[in-house]
Amino acid sequence: QVQLVESGGRLVQAGDSLRLSCAASGRTFSAAAMGWFRQAPGKEREFVAAIRWSYSNTYYADSVKGRFTISRDNAKNTLYLQMNSLKPEDTAVYSCAGRRYWSTGWDTKNGLTYDYWGQGTQVTVSS
């Protein structure tokens with residue numbers, strides 16, 4: 001059984017930085033790509049960033065491009081999200097997700113196509 005556990009979320013002020021982590025475990029864990037999604041109260045879940053695990057290709061939502069950086073540590077099976085210049089509108093529960101197989105034309109932004117999900121970590125940005 002695969003488990004994804006996020007950590008690092010907390011209350012910060014606008015302009016601050018924060019790094020989220022997502023530790024993957026489980027004998028059968030393998031992922032071609034992993035991503036971060038977020039959901040604010042009363043809003044739909046939205047894509048934040050994704051990374052192709054073996055090639056380090058990265059993908060970002062326009063709203064975070066230039067401020068957030070997704071990365072991974074293969075040896076530790078850990079995914080990261082470095083968030084800089086945080087804004088109040090970044091407040092949300094951030095969840096990591098994994099997809100087992102890569103396919104040409106796969107839409108990294110579509111959360112329905114991911115196979116594994118973590119429980120999420122709360123990020124609150126005060127103004």
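Computed from a predicted model, the values in this text were never measured in an experiment.
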Exercise for the section: Consider only side-chain heavy atoms of I, L, V, M, F, W and Y, link residues closer than 4.5 Å, and tell whether Val64 and Leu86 are in one cluster. Expected result: yes

Practice task
Consider only side-chain heavy atoms of I, L, V, M, F, W and Y, link residues closer than 4.5 Å, and tell whether Val48 and Tyr80 are in one cluster.
Solution key: no

Problem - Distance-only side-chain donor-acceptor flag, Tyr94 / Arg38, under 3.5 Å - result: yes

Problem - No-hydrogen, no-angle side-chain donor-acceptor test under 3.5 Å, Trp106 and Thr113 - result: yes

Handout entry: Pair Asp115 + Arg100: basic N to acidic O under 4.0 Å
Key = yes

Might you point out which heavy atoms bring [X] and [Y] nearest each other, and give the distance in Å?
X	Y	value
Glu6	Gln119	OE1-N, 3.1 Å
Val2	Tyr116	CG2-CE2, 3.6 Å
Thr78	Trp53	O-CH2, 3.8 Å
Phe47	Ala61	O-CB, 3.4 Å
Thr108	Ala50	CB-CB, 4.0 Å
Met34	Ile70	O-CD1, 4.0 Å

Practice task
Kindly write out the residues that satisfy side-chain contact (heavy atoms from CB on, under 4.5 Å) with Gln122, not counting sequence neighbours, or none if the list is empty.
Solution key: Thr91, Val93, Thr124

Practice task
For Ala32, check side-chain contact (heavy atoms from CB on, under 4.5 Å) against everything at least two apart and list the hits.
Solution key: Trp102

Sub-4.5 Å side-chain heavy-atom contact between [X] and [Y]:
X	Y	value
Ile51	Tyr59	no
Leu81	Leu79	no
Ser17	Gln82	yes
Thr69	Tyr60	yes

Taking distance alone, no hydrogens or angles, what donor-acceptor pairs closer than 3.5 Å link side-chain atoms of residues 8-16 to residues at least two apart or in another chain?
{"residue": "Asp16", "atom": "OD2", "partner": "Gln13", "partner atom": "N", "Å": "3.0"}

Exercise for the section: Report the distance from atom CG of Asn77 to atom OG of Ser25, rounding to the nearest 0.5 Å. Expected result: 8.5 Å

Fill in the blank from the handout: One should read off an interatomic distance between Asn74 CG and Ser54 OG, to the nearest 0.5 angstrom, of 6.5 Å

Exercise for the section: Can you establish whether the number of heavy atoms outside Lys43 located under 6.0 Å from its atom NZ is more than 12? Expected result: no

Practice task
List in chain and number order the residues that pass salt bridge (Lys or Arg N to Asp or Glu O under 4.0 Å) with Asp73, two or more places apart in sequence or in another chain; answer none if no residue qualifies.
Solution key: none

Problem - Residues which pass salt bridge (Lys or Arg N to Asp or Glu O under 4.0 Å) with Arg67, listed by chain and number, not counting sequence neighbours - result: Asp90

Exercise for the section: Keeping to residues at least two apart or across chains, list the disulfide (SG to SG under 2.5 Å) pairs with something in residues 75-127. Expected result: Cys22-Cys96

Exercise for the section: Could you tell me how the ring of Phe37 sits relative to the ring of Trp117: parallel (under 30°), tilted (30 to 60°) or perpendicular (over 60°)? Expected result: tilted

